[in-house]
Amino acid sequence: MKTKKMFASIVAIVVAFVTVTGFVSCSKNKPAEKNTFVLGLDDSFPPLGFRDENNNIVGYDIDLAAEVAKRMNKELVCQPIDWAAKEQELNTKKIDCIWNGFTMTQERQSAMAFTKAYLDNAQVVVVRADSGIKNLAGLAGKVIGVQSGSSAEDAINENLEFKNSLKSIVEFKENITALNDLEIKNVDGVVMDQVVANYSITQTGRPYVVLAEGLANEEYGIAFRKDDTALRDRVQTILEEMEKDGTVATISNKWFGTNLSVIGR
């Protein structure tokens, strides 16, 4: 998953967008007020959190978080972070949570306090439609792209037979750059989140396909500091309320065309 260098100096802007829950502000910078809910994200991870054509931060996770913040009577602040340093950003209290298609692994769960899963995912390989590659074995001797510090990178490292069959692995700071290199044939495939891969192919119309054989099944959760369980539990309770009253289904249908939520299941 994801990565974006934090700007050394950012001008605070208010990103206004209409969600199913109304008019919500999503700012780049953390305001001086304490009554905020600061969400750390890679802002190039569609459809969960990304910038639209007007440079506004939008997405499925953003809409969910906006409604959660509203119900907590807090201002949502969307803070782009360096994804490779996400745990440090959380532990130094620059952000309140990591909420951006964040895969729950055993290692991460031992270091952070996670909500229950809210969305299923898998690590898959995207290839060009004309590549002739049909499965993982077809990538032997090929060059694979992956986002640095992502769970896709973890999936490769955990599948040693697959990893050792490759010619080389190229690390990128974000999936978008990796997919661009796939288009110009600098890499033969990109390992990435299935949710993001499917959305990207649908939205861009690029001649890519997702191999049916994946590397790992996963679940997304929201991560908080290890001792910040009160806030974690509050967010979890609100998400379950949103699931029951139909808000989550409405947001999911907006971004995916169906309800993919696993909240409360």
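Remark: Phe256 pairs with Tyr60 by the ring-ring contact (aromatic ring centres under 6.0 Å, His included) rule, at least two apart or across chains. For the side chain to side chain donor-acceptor pair (under 3.5 Å) test, no residue two or more places apart in sequence or in another chain qualifies with Ser165. Listed by chain and residue number, Leu179, Asn180, Glu183, Thr204, Tyr208 satisfy the side-chain contact (heavy atoms from CB on, under 4.5 Å) test with Arg206 (two or more places apart in sequence, or in another chain). Legend: residues meeting side-chain contact (heavy atoms from CB on, under 4.5 Å) with Thr202, ordered by chain and number and at least two apart, are absent. Taking the side-chain contact (heavy atoms from CB on, under 4.5 Å) definition, one finds that Gln236 meets it with Thr115, Lys116, Glu240, sequence neighbours left out. In this view, Ser168 and Val143 satisfy the side-chain contact (heavy atoms from CB on, under 4.5 Å) rule, not counting sequence neighbours.
Pairs of residues two or more places apart, or lying in two chains, never qualify as salt bridge (charged side-chain N to carboxylate O under 4.0 Å, His left out) while including a residue from residues 156-168. Screening residues 210-230 for salt bridge (charged side-chain N to carboxylate O under 4.0 Å, His left out) gives Asp96-Arg225, Arg225-Asp228 as the qualifying pairs, with residues at least two apart or on separate chains. A ring-ring contact (aromatic ring centres under 6.0 Å, His included) check over residues 136-157, counting only residues at least two apart or in different chains, returns nothing. For residues 123-148, no pair satisfies ring-ring contact (aromatic ring centres under 6.0 Å, His included), with sequence neighbours left out.
Residue Leu166 shares its hydrophobic cluster (ILVMFWY side chains chained together at separations under 4.5 Å) with Val125, Val127, Ile133, Leu136, Leu139, Ile144, Val146, Ile156, Phe162, Ile169, Val191, Val209, Leu211, Leu215. Side-chain contacts under 4.5 Å among hydrophobic residues (ILVMFWY), followed directly or transitively, place Leu160 with no other residue at all.
From Asp61, atom CG reaches atom CD1 of Ile98 across 12.5 Å, with rounding to the nearest 0.5 Å. To the nearest 0.5 Å, atom CH2 of residue Trp99 and atom CZ of residue Phe224 are 7.0 Å apart. Rounded to the nearest 0.5 angstrom, Tyr220 OH and Leu48 CG are separated by 5.5 Å. The CG atom of Asn217 lies 11.0 Å from the OG1 atom of Thr103; values are rounded to the nearest 0.5 Å. Put simply, CG on Leu41 and CZ on Phe102 are 12.5 Å apart, with the number rounded to the nearest 0.5 Å.
Formation of a donor-acceptor pair under 3.5 Å by the Asn35 side chain with backbone atoms of Asn73 is found in this model. For Asn55 (side chain) and Arg51 (main-chain N/O), no donor-acceptor pair under 3.5 Å exists by modelled atom type.
When side chains are defined from C-beta on, Met242 does not count as touching Ser261, because their heavy atoms never get closer than 4.5 Å.
Using a 4.5 Å cut-off between side-chain heavy atoms of Ile, Leu, Val, Met, Phe, Trp and Tyr, with links allowed through other members, Ile57 and Ile176 fall into different hydrophobic clusters.
Ring orientation note: the planes of Trp255 and Tyr199 are tilted relative to one another, at an angle of 30° to 60°.
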